[in-house]
Each structure stands twice: as C-alpha cells, then as structure tokens.
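Here's the structure, in structure tokens; my notes come after.
Hydrogens, waters and symmetry mates play no part in the numbers below; they use all other heavy atoms, side chains included. In the text below, chain A, chain B and the rest are named by the order of the sequence lines, each starting its count at 1.
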Number of protein chains: 2
Amino acid sequence: MGIRQTREEIVKAADQLFYRQGYEHTSFSDIADAVQISRGNFYYHFKSKDAILDAVIELRQVERQEMLRQWEQEAGDPEECIRSFIHMLAANRGNIKRYGCPVGTLCAELGKLNHAAQAEANQLFTLFRTWLRKQFAALGRRSDADDLAMQVLAWSQGVAALSCAFRDEKFIKKEVKRLDAWLATAAQGDSP
Amino acid sequence: MGIRQTREEIVKAADQLFYRQGYEHTSFSDIADAVQISRGNFYYHFKSKDAILDAVIELRQVERQEMLRQWEQEAGDPEECIRSFIHMLAANRGNIKRYGCPVGTLCAELGKLNHAAQAEANQLFTLFRTWLRKQFAALGRRSDADDLAMQVLAWSQGVAALSCAFRDEKFIKKEVKRLDAWLATAAQGDSP
DNA sequence: GTCTATACTGAGATAGAC
DNA sequence: GTCTATCTCAGTATAGAC
C-alpha cells in the first residue's frame, strides 16, 4: 500500500472514530483495528496522536469548504444557500441523533481538554459563520448579517445537542421546518 | 473529618472538575489534590470512579430541582418562571463561556463514551423540559407546551455551545435579550 | 512500509498498616 | 477514616527486524 493511501485511510478512520467515540476515548488500537494495520506502523505516518488530530481537523476543513463551495455553485440565490446549510441538519439527522454535531462536539471536547488544537477546531465554526454572514449580507441584511449567522449556527447546535440527548430525529425535522419558515421572513425583512 | 463531610467534599470537587475538564479527563489524582486526601482514601467512600459520577449526577439533580422549586416560589406567574430559566444563562455567562453548559457537555461526553450513566445524565435535561412544559401549559399554550419547552432548551444549548467556542460573553447577553422578547410574544400568542 | 517486541507512563483499583 | 505501598492494565511511543 502506498504511503499516501495508508495515511489517508488512517485519517478517514480517525475522523469517524473521533466523531463517534470522542478524541480522547479513541485509542491507537481502535484506529489500527479499523484500518487493519499494526499499532507500530502508525508512527511511520504520524509522530503522535495529536498529529492525527491535526490531520483530521484539516480534512474536515477541506471537506466543509468544498461543501460550501458546491452549495454556492448549485444555488440560485443566497437564500437557497442558507437553506442548503439548514437542510444539512435534516440530511444528517441519523448521525446527529447518535453522535451530535461533528464540529460542535469536537470543539466542546477539545475545550475541556484545553487541547492545543482547540483554535484550529474552532476555525470550523468560523468557516460556517463567515460563509453564512456572507449569504445574509448578499440577502440585503448587511447590518446584522453576523448576528443572523450566529443565530443560525446556535440554532443548529441546540437542535443537534437535544436531538442527540433525547435520541429524537423528529425534533430535527420539526426544527428544520421552523428554520425554513424563519429564513423566509428573514429574507424579506429589513435590518432591525 | 466525618465520613459524611469527606464524601460531600469529594462529590463537590468532582462536580467542578468534571465540569471544567470533562469526566474522562479527570483523574483520581486531580480530585484527591482538590480535596486534599490520598488517592487510596477514595475507595473508602466510593467503590469506583463511576460511583463518583453517579453521585455527581445525583447532586446536580438535587440542586437543579431545588433551583426550579425556588423559581416557582419567587415568581408571580409562569412567564416569570420561564424568564428565570432564561436569565440563568446570563447569570452564569462567565462559566458558560469557559466550560459550556454543565448539563449539555456532560450528556454529550457520556454519549460518546457510551457510558452507563448516560440515561441518568439525560434526566437532567428531562427535568428542565418537564418543568418548562408545565410553565408553558400554565401560560395557556397547552397544545404546544412541549414544543416550546424544547425550543427554549435547544436555544439555550446553542447559545452555550457557541459562546464557549468563540469565548464570547456578549453573545449570551444578546441572545438572552432575544429570548426575552420571544417569550413576551409567546406568552400572548395562542397555540398555532 | 510494515511488522513484532518492548519500554514507559499514568490510570483505576486493592491490601494492609496506622 | 486515612494513609502508603503496590498491583494491574491500557495507553502512547520507540527500536529494530523484515
């Protein structure tokens, strides 16, 4: 197996495991089992567990960035862009119900660990925030675009947290509907 | 030191440490240092780390229940009760900014660990949910009281998660204002 | 590149003295 | 009740063979 390919598989497996079990609770053995390599082989590709975490965060950043780019490409207007973001909740409701939001739970965990990669993980939130702000500004809400972006983000985080705690997918669907309705009025309404 | 007192101090210290560092990341040594007892002495009071967690969850349940009871006693009407809940966010904004919501972050962590105490921790959410539902029902929103309770809970969770990630206290204040305004209309509005 | 073997550390937990 | 000493185990990480 090429070095590139093995490295990639490690990062992908770690990404999933960190999401499902948390970073600290995931051991090298867990990842090794998933990728079907020996524990020792790890250190040829990464010098430490932290290094794997860095790679995972970078992977998520690249993936999310690409996702946002694609939404912009497919959408006809900024409102549709924001709607794509909102509908991501519904599309991933199975995973969210079980494991929460991948970004939110990682940031929360690294925060408690006071981990060095905290800032980088939080960049994932910033990525969404900046993008949403841009969409709201394009929607004519220039003066409160950042507030609206934060509201959408917080709303999503709350829905993810509760649907996970109560293992409730229907709550996600309900809230996505409410978000949709809210967006429709926000798109028309002027800045307050 | 009496057995009662030492046990209580262990639970209190563990409560704080679990909140600030997370359950898994907190070791016996951490708690021992905080309480100023030896590691070995623990096992006279608790038979395992899980047992301490159980005690911490129970402590939080008792404390929250007492808090809700007091709010009801002090408030003139259900709307004021709900307002007390909302203002808890503002009152604790310093800790929330640093460590997130004590209930939300614990439930999230235990979920990832797939820990046995998961259900008990989630009961903390249920406690709030049931109480809020009761208040909304008393407010005349009987048909959607539970929906509204979930909305307030989710809103709070989202605010806590984002204010923590961005280390932003002002966001809490802003959102508490919006929640207040929302509550005022919800208190008047009929069931949809 | 990948493996096995192993060193090292810190964790939870136990035993028994005081 | 509290202590010290110690056990066991899992985790990260390293060394060196293949």
Rounded distance in Å - CD1 (I31(B)) to P (dA11(C))
11 Å
Sub-3.5 Å pairs of nitrogen or oxygen atoms, protein against nucleotides 9-11 of chain D:
none

Nearest whole angstrom, please: distance from the C1' of dG1(D) to the CZ of F42(B).
14 Å
Hey, does the side chain of S48(A) come within less than 4.0 Å of dT12(D)'s phosphate (OP1/OP2), counting only N and O?
no
Please confirm whether H25(B) and F18(B) have ring centers closer than 6.0 angstrom.
no
Under 4.0 Å between a side-chain N/O of Y43(A) and OP1 or OP2 of dA13(D), yes or no?
yes
At less than 4.0 Å, is any side-chain N or O atom of N41(B) found next to OP1 or OP2 of dG1(D)? Yes or no.
no
Rounded to the nearest Å, what distance is computed from the NZ atom of residue K47(B) to the C1' atom of nucleotide dG1(D)?
20 Å
Rounded to whole Å, how long is the line connecting atom CD1 of I3(A) with atom C1' of dG1(C)?
8 Å
Taken to the nearest whole Å, CG/D33(B) to C1'/dA11(C) is 14 Å
Tell me the interatomic distance from F46(B), atom CZ, to dT14(C), atom P, rounded to whole angstroms.
15 Å
Taking only side-chain nitrogens and oxygens of T6(A), does any of them come within less than 4.0 Å of OP1 or OP2 of dG1(C)?
no
Give a yes/no on whether any side-chain N or O of Y44(B) is located under 4.0 angstrom from OP1 or OP2 of dG1(D).
yes
Quiz item: cation-pi between K112(A) and Y23(B), 6.0 Å / 45°
no
Between E72(B) and K134(B) (salt bridge meaning N to carboxylate O under 4.0 Å), is one present in this structure?
yes
Within one Ile-Leu-Val-Met-Phe-Trp-Tyr cluster: Y19(B) and V103(B), side-chain cutoff 4.5 Å
no
Mind calculating the distance between CG (L53(A)) and C1' (dA13(D)) to the nearest angstrom?
17 Å
Roughly, in whole Å, what's the span from CD in Q5(A) to C1' in dG1(C)?
13 Å
Would you call the rings of W71(A) and F85(A) parallel, tilted or perpendicular if under 30° counts as parallel and over 60° as perpendicular?
perpendicular
Could you tell me if the ring centre of F28(A) sits under 6.0 Å from that of Y43(A)?
yes
For a quick check under 3.5 Å, do R69(B) and Q65(B) share a side-chain donor-acceptor pair by atom type?
no
